[in-house]
Amino acid sequence: EKFDRDPRVYLAQLSIPDGVITDIHKDQSGNFWLIHPQQGLIKYNNSTHNTTIIRKRSDLTNGIISAFSEDSEGNLWIVYQNGTIEKMGGRTNTVIYSNSALKNYNKSSLLNYNLFIDSDNELWIHVADDPRGVFYFKPSSNVLLPINKETARVRLNTNIVTGVLQGSDGKIWIGTD
């Protein structure tokens, strides 16, 4: 492999518009998904070498996509900067679920969310380098549970979360500063 600090030529060969790519994910089928703040959500099919803008920025009523991840069923979960959470069918590329609990909790503040999906297809959302703790979202019951150093049942040692992972034993690990 060759590393080039200026990826514009390579991206143009893949029909990916010039601009900043803020996140990338390889799905279970081998497709690449990219967040392009100016264009929206882009899918590059590694088999056919076709590039498609799946969620055009101009069509996104919730604004800029902040984070996304794939669940165990192949669906994509999207978190927008305003806090809206959407589930997009992996095969249909259409929105099949939307929730504004996080948006309402954070009063539509535009934030740089990060997203982790555990083995039960439950979402763990945090804002990098921002003292808000972590948010646990259970889609099956529409429950959004903030977890921070002030919460009673589950408590963090600090509200700055740097990452969330799941161990092989199923336990959720939350990294803090």
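Judged by distance alone, the side chain of Ser100 and the main-chain N or O of Lys103 form no donor-acceptor pair under 3.5 Å. A donor-acceptor pair under 3.5 Å is absent between the side-chain atoms of Asn112 and the main chain of Ala128, judged by distance alone. Of the possible polar contacts, none joining the Asp27 side chain to the Gly74 backbone as a donor-acceptor pair under 3.5 Å is found. A donor-acceptor pair under 3.5 Å is absent between the side-chain atoms of Glu70 and the main chain of Trp77, judged by distance alone. Under the 3.5 Å distance criterion, the side-chain polar atoms of Asn148 are matched with a main-chain donor or acceptor of Glu150. Looking only at distances, no side-chain donor or acceptor of Asn45 sits under 3.5 Å from a matching main-chain atom of His49.
Note that the CG atom of Leu145 and the CZ atom of Phe135 stand 10.0 Å from one another [nearest 0.5 Å].
One hydrophobic cluster, built from ILVMFWY side chains closer than 4.5 Å, cannot hold both Val143 and Leu123; they sit in different ones. Cluster membership for Ile147 and Ile125, using ILVMFWY side-chain heavy atoms within less than 4.5 angstrom, is not shared.
Among pairs with a residue in residues 125-137, those fulfilling salt bridge (Lys or Arg N to Asp or Glu O under 4.0 Å) read Asp130-Arg132, at least two apart in sequence or across chains.
For His126 against Val161, the heavy-atom pair with the smallest separation is CD2-O, 3.2 Å. Nearest heavy-atom pair, Glu86 versus Ser98, reported as atom, atom and distance to 0.1 Å: CG-OG, 3.9 Å. Contact between Leu76 and His25 at its shortest, heavy atoms only, is CD2-CD2, 4.5 Å. Leu111 and Ser66 get closest at one heavy-atom pair: O-OG, 3.5 Å. Residues Gln28 and Asp71 come closest through the heavy atom pair NE2-O, 3.1 Å. The minimum heavy-atom distance between Gly89 and Asn75, with the atom names listed, is CA-OD1, 3.5 Å.
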Handout entry: Candidate pair Gln81 and Tyr113, rule side chain to side chain donor-acceptor pair (under 3.5 Å), full reasoning
Key = CA-CA 7 Å; Gln81 286 182 345; Tyr113 291 102; over 6 Å; no
Problem - Working for side chain to side chain donor-acceptor pair (under 3.5 Å), residues Thr158 and Asp177 - result: CA-CA 7 Å; Thr158 178; Asp177 74 339; 3.3 Å; yes
Practice task
Please step through side chain to side chain donor-acceptor pair (under 3.5 Å) for the pair Asn82 and Thr84, ending with a clear verdict.
Solution key: CA-CA 6 Å; Asn82 73 355; Thr84 300; 3.0 Å; yes
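Ring pair Trp33/Tyr44: centre-to-centre distance not below 6.0 Å.
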